[in-house]
Colleague: 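Pasting a structure here, questions to come.
Note: hydrogens, waters and symmetry copies are ignored here, and every other heavy atom, side chains too, is used. These figures come from a predicted structure and were not determined experimentally. When a ligand or atom number is given, it counts from 1 through the structure's own listing order.
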Amino acid sequence: VAEVVSHGGAGEVTGSCHLVSHGNTRLLLDCGMHQGGDAISRMRQEKFAFRPASIDAVVLSHAHLDHSGLLPRLVREGFRGVIYCTEATRNLLAIMLEDAANIYFRDIESLNKRRKRSGRRLEKPRYDMDDVLKVLRQCRPLAYDAWNEIVGGMRVRLRDAGHILGSAVVELRLREGDGEKALVYSGDLGNRESLLLPEPALPERADVLLMESTYGNRDHRPLADTLVELEEIIDKAAREGGSILMPAFAVGRTQELLFHLGVLHHQGRLDGWQIFLDSPMAIEVTRVYDAWLDAFDDQEQAILNHYGARSLEAFLPGLKLTASAEQSMQINRLDNRVIIIAGSGMCTGGRIRHHFKHRIWRENTHVVFAGFQARGTLGRRLVDGEPYIRMFGERFVVRARIHTLGGFSAHAARSELRQWAAAVPGEPLVRLVHGEPEALETMRDCLEADGLRAEVAIPGEVRVF
Ligand SMILES: [Zn+2]
């Protein structure tokens, strides 16, 4: 028998962490961090419900921090095993973890400066850069589609999830008597319509399927409509002499937005616009994407080839990469026809907040959200229509127009999740994770209506299969 416990990413969309126990082997699927709040308080709140030293191996579905962010803590607290992931995931992980660590250490440093002056106890970091490097050394890259023997007689195979570069659906086989039990973890499943990456692949079979349900209760608008909406926003902002802010995840969404903007550029719809990629991390990640151009969907490769572009940057000439803080601040002086792509995706930190400071109170500013906004984040408050926001100890009135373009989502929506689950051979029991309660319950009802067995995972509940 196998035991599965979801310690994070159950009843919520962040902090994915599922523990699989089989015989004496303990395997972790993802080791993610929760989003919302500042880096220090988040790190204080995170606690493992298991002993990291007792974990034999980790399989990492993809590099997003809500799936990978606690790996340095896991190593710090005693994990010595192998972390299995794709090669592209390891490339991205290096950027993501170092960036998160730098933000965390910088916050601790400034907190401790104040504490020192006031004679209070200093905050101790819960991990250091050495732990980040250990994580990267413990990663063992696996190619897509091949079976690999891992610990305790388990076999694992990664299939392209089409969510971000390197993302994987994890197929796990556990030996049971003469046969094998098939446990599949979807990780995050890509939006079939989204650009650059192929659609999510199917596992060979599953007895148990841990499946994400971020958008379990709604469908996205078709991508074509979303693109029309984006064009309308751009035209409107142009007429108003305004600017467009795009809070975007450095990994995935940013590169897709660059591609869409590239298409608009080649249609002559961006004349007179200045476009900034204002995020050192997103700039680095875009270079990783460019290095993996061959992993892109055939259709997008064909478009890039048609324009002779060997990189996303080359596809959007005139794109300005503002890596330094000085370059970023210079953008503040421009106000007519400016598009700024900056992180973080949910506005919990990063340069987007500085751009809000300069523009959110102006009527001719348009904020375009292209990704899911989790509860408790600044992005979610804006999407929910709050008239005022607080940042940097100051209150700001929200006069900017807020747009949500669901068609750009990197996640499969309700109908796609249903179809994908129904297409998995083996009549699996579907256990739903990575969603807010309404989404999970709706998805369960949908799957049951389709004749599948489905249940919603409860955090910390031990489920035996
Ligand atoms: Zn993700």
Colleague: Which atom, among the N/O/S set of D188, is closest to the Zn ion (ligand 1)?
Modeller: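 For D188, the N, O or S atom at the smallest distance from the Zn ion (ligand 1) is OD2.
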Colleague: Looking only at atom types and distance, does a side-chain atom of D207 sit under 3.5 Å from a main-chain N or O of K181, one as donor and one as acceptor?
Modeller: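 Side chain of D207 to backbone of K181: no pair is present.
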Colleague: Is it the case that over 12 heavy atoms from other parts of the model lie below 6.0 angstrom from the CZ atom of R310?
Modeller: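 Atom CZ in R310 is not packed in, count stays at 12 or less.
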Colleague: How long is the gap from OG on S186 to NE2 on H434, to the nearest 0.5 Å?
Modeller: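 It is 8.5 Å, given to the nearest 0.5 Å.
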Colleague: Counting backbone and side-chain atoms alike, is an N, O or S atom of H64 positioned under 2.8 Å from the Zn ion (ligand 1)?
Modeller: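 It does: H64 brings an N, O or S atom closer than 2.8 Å to the Zn ion (ligand 1).
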Colleague: Within the supplied structure, the quantity of interest is the number of heavy atoms (other residues, nucleotides, ligands) at a distance under 6.0 Å from R140 CZ; does it exceed 12?
Modeller: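 Open: at most 12 neighbouring heavy atoms sit under 6.0 Å from CZ of R140.
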Colleague: Taking 2.8 Å as the cut-off, does H411 contribute an N, O or S atom near the Zn ion (ligand 1), distance below it?
Modeller: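 It does not; every qualifying atom lies at 2.8 Å or beyond.
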